[in-house]
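Have a look at the structure below before the remarks.
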2 protein chains.
Amino acid sequence: MAARDYGQYGGVTRGLELVGERWALLIVRDLLVGPRRYGELAGGLARIPSNILAARLKELQAAGIIRRVPHSRVIVYELTPYGRELEPVVLALGAWGFKSLGDPREEQVITPDAMTMDLRTAFRPQVAEQLPATAYAARFGHAELLIRVDGSTLDVTRGDGPVDLAFAAGPGIRRLISGELGPERAIETGVVEVLRGRRALLGRFASTFHLAA
Amino acid sequence: MAARDYGQYGGVTRGLELVGERWALLIVRDLLVGPRRYGELAGGLARIPSNILAARLKELQAAGIIRRVPHSRVIVYELTPYGRELEPVVLALGAWGFKSLGDPREEQVITPDAMTMDLRTAFRPQVAEQLPATAYAARFGHAELLIRVDGSTLDVTRGDGPVDLAFAAGPGIRRLISGELGPERAIETGVVEVLRGRRALLGRFASTFHLAA
DNA sequence: CTGGATCCTGCCCGATACTG
DNA sequence: CAGTATCGGGCAGGATCCAG
């Protein structure tokens, strides 16, 4: 059951043997948002072949990273405590990758789970703490998210609820988060369209979620 | 030039497209210790096929992660600033992998670079700060390392020099670092053999380098 | 000798079809 | 809905060969 190994002894090598296979860490990323069904994972990882998804789920399960839980008629996959400890790894990799991210290409999908983890990556708790609690409804491509910031805690869900600011963002939202584009300019240039609420709140959003390029 | 992509837009996805291929992150790990020649990389990554090493070096270079530097007759590879920013990722993955590490198997090699990064992973600066500066010479398998701790800084090299404690560690050293085995017991059971210096210093080593399982 | 390039084999990945 | 079966292509693995 041990994945293809590297013939070396060490922490990094061991880590890669467990989650280094193609698609594995993306499955973990989506499960960090919450338990998911097989079909939900397949939907979020649009281009994963079903046999690969099935194989990865078995491997991750054998490695003690995820658990297969029958949940009244349906089966969901969720992270074990050891699997949840991958969060710092995923966040660090996401932060690093974000820095060289360009604008989304035509064929690239923006999924809610990926966006959620990116928001967690960019979240600055020590900044948020200084600001009043705020709820945002954000649409990125097809992903609609409810983002609630309260003190130093962040909660991103797909549900609906009352918000202080609702906006839709086109490609280029990245530049708002990286600081290349100020909030006012983002609205002027059409990168962000404010749907409801005071547009000044977009500045609060930009300072709460920030990741330099 | 873009590696096989995932068809998704996001930080984690982007990161995996850059360093998610097999062997890539191990090359980065070794280069985090210092610049290396082609042959040194091949030696440290014993089982990497030469064509794969050559291919990865080209890809990492194209991605702006490493640089190929002619250095008076010889060529060395070194990380770019962007590549060096992978250190938190490698350390986080190493810390995570370390937790499920067993004892080294017969066919597993312990390389100096892998060991160096594991020591960096386990290093606790805030503990070291409270202790007097100490130099250790440690032999793990075939890897001989000079470990210097001074205040909150750690320096691991392959050179030689005056040390306060010299020891050789067998398989099972992991249990000393994880705290499963106390320093006294480690010496008693032969897991660690003190070659020079006061054996009490092994306790200092164990509290300086610690990573819970 | 170092730093690769080349060739070939085999296995993993990817795409699609199919089933309980 | 949650996977399994099948098959082709491409990357990985190992050995060998070549250039400076």
Side-chain angles (χ1 to χ4, degrees), chain A residues 1-8 13 16-28 30-31 34-63 66-78 107-109, chain B residues 1-8 13 16-28 30-31 34-63 66-78 107-109:
Chain A
M1 197 52 63
R4 229 156 19 134
D5 70 354
Y6 289 97
Q8 284 189 19
T13 308
L16 287 175
E17 284 170 359
L18 295 178
V19 295
E21 304 287 311
R22 200 166 159 72
W23 293 103
L25 216 50
L26 290 179
I27 294 173
V28 171
D30 285 5
L31 290 180
R36 291 287 180 266
R37 298 164 58 163
Y38 184 94
E40 294 174 321
L41 289 171
L45 274 34
R47 301 210 327 210
I48 193 174
S50 65
N51 56 347
I52 297 295
L53 176 56
R56 290 294 170 273
L57 289 173
K58 278 196 185 122
E59 293 158 10
L60 291 172
Q61 208 180 332
I66 68 173
R67 198 160 28 206
R68 189 174 185 272
V69 183
H71 223 262
S72 72
R73 304 291 295 166
V74 298
I75 292 163
V76 299
Y77 293 90
E78 61 181 29
E107 79 276 15
Q108 287 186 314
V109 171
Chain B
M1 195 58 57
R4 228 151 27 126
D5 70 352
Y6 288 97
Q8 284 190 19
T13 308
L16 287 175
E17 284 169 0
L18 295 179
V19 295
E21 303 287 310
R22 198 164 161 73
W23 294 104
L25 216 50
L26 291 179
I27 295 173
V28 171
D30 285 4
L31 290 180
R36 291 286 181 267
R37 299 165 56 164
Y38 184 94
E40 293 174 323
L41 288 170
L45 274 33
R47 301 209 328 212
I48 193 174
S50 70
N51 56 347
I52 298 295
L53 177 55
R56 290 293 170 274
L57 289 174
K58 278 195 186 121
E59 293 159 9
L60 291 171
Q61 209 180 331
I66 68 174
R67 198 158 30 203
R68 189 173 186 272
V69 183
H71 225 262
S72 72
R73 304 290 299 165
V74 297
I75 291 164
V76 298
Y77 295 90
E78 63 180 30
E107 78 276 14
Q108 288 186 314
V109 172

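Remember, predicted model here, so these are calculated numbers, not experimental data. We name chains A, B, ... by the order of the sequence lines, and we start the count at 1 in each one. Computation of the quantities below employed the complete heavy-atom set of this structure, encompassing side-chain atoms and omitting hydrogens, waters and symmetry-equivalent molecules.
Side-chain contact between A/T13 and B/Q108 is absent, with no heavy atoms from C-beta onward closer than 4.5 Å. Considering only heavy atoms from C-beta on, A/L31 comes within 4.5 Å of A/L41 through its side chain. Using a 4.5 Å heavy-atom threshold, the side chains of B/L53 and B/I27 count as touching. With a 4.5 Å cut-off on side-chain heavy atoms, A/I75 and A/R68 count as touching. Within the 4.5 Å cutoff, side-chain heavy atoms of B/L57 are placed close to those of B/Y38.
In this structure, A/I27 places its CD1 atom 12 Å from P of D/dG3, rounding to the nearest Å. Distance CZ (A/R4) to P (C/dG10): 16 Å, rounded to an integer number of Å. Rounded to an integer number of Å, the gap from CG of B/L45 to P of D/dA12 is 14 Å. Between B/E21 atom CD and C/dC12 atom C1' the separation is 12 Å, expressed in whole Å. The CG atom of A/L26 sits 15 Å away from the C1' atom of C/dC13 (whole-angstrom rounding). Residue B/L60 contributes atom CG, which lies 13 Å from atom P of C/dG4 at whole-angstrom precision. The interatomic distance linking A/E59 (CD) with D/dG3 (P) rounds to 14 Å, in whole Å. The CZ atom of A/R36 sits 17 Å away from the C1' atom of D/dC1 (whole-angstrom rounding).
Between B/I66 and the options B/E78, B/R36, B/R56, B/Q61, a side-chain contact (heavy atoms from CB on, under 4.5 Å) holds for only B/Q61.
Comparing the local axis fitted to the first five base pairs of the helix from C/dC1-D/dG20 to C/dT19-D/dA2 with the one fitted to its last five gives a bend of 30°, rounded to 10°.
Here the side chain of A/W23 is nearest to one of C/dG14, C/dG3, D/dA12, namely C/dG14. The side chain of B/Y38 has C/dG4 as its nearest neighbour among C/dC12, C/dG4, D/dA12.
At the phosphate of D/dA2, OP1 or OP2 sits under 4.0 Å from a side-chain N or O atom of A/R37. Between B/K58 and C/dG3 there is no side-chain polar atom (N or O) within less than 4.0 angstrom of OP1 or OP2. Applying the 4.0 Å criterion to OP1 and OP2 of D/dG10, one finds that A/R22 has every side-chain N and O outside that range.
To the nearest 0.5 Å, atoms CZ (A/R37) and NE2 (A/H71) are separated by 11.5 Å. The structure places CD1 of A/I52 at 9.5 Å from CH2 of A/W23, a figure rounded to the nearest 0.5 Å. Expressed to the nearest 0.5 Å, how far CG of A/L26 lies from CZ of A/R47 amounts to 11.5 Å. Distance check: A/L18 CG to A/L25 CG gives 11.0 Å after rounding to the nearest 0.5 Å.
Looking at which nucleotide of DNA chain C each of B/G39 and B/Y6 is closest to, the 5′-most match is held by B/G39.
Within the cation-pi definition used here (under 6.0 Å to the ring centroid, within 45° of the axis), B/R22 qualifies as a partner of A/Y6.
Here the closest heavy-atom approach between residue B/R4 and residue B/E17 is recorded as O-CG, 4.0 Å.
Near DNA chain C, meaning a heavy atom under 4.0 Å away, there are no residues from residues 69-78 of chain A. Residues from residues 46-54 of chain B placing a heavy atom under 4.0 Å of any atom in DNA chain D, listed by number, are B/R47, B/P49, B/S50, B/N51, B/I52.
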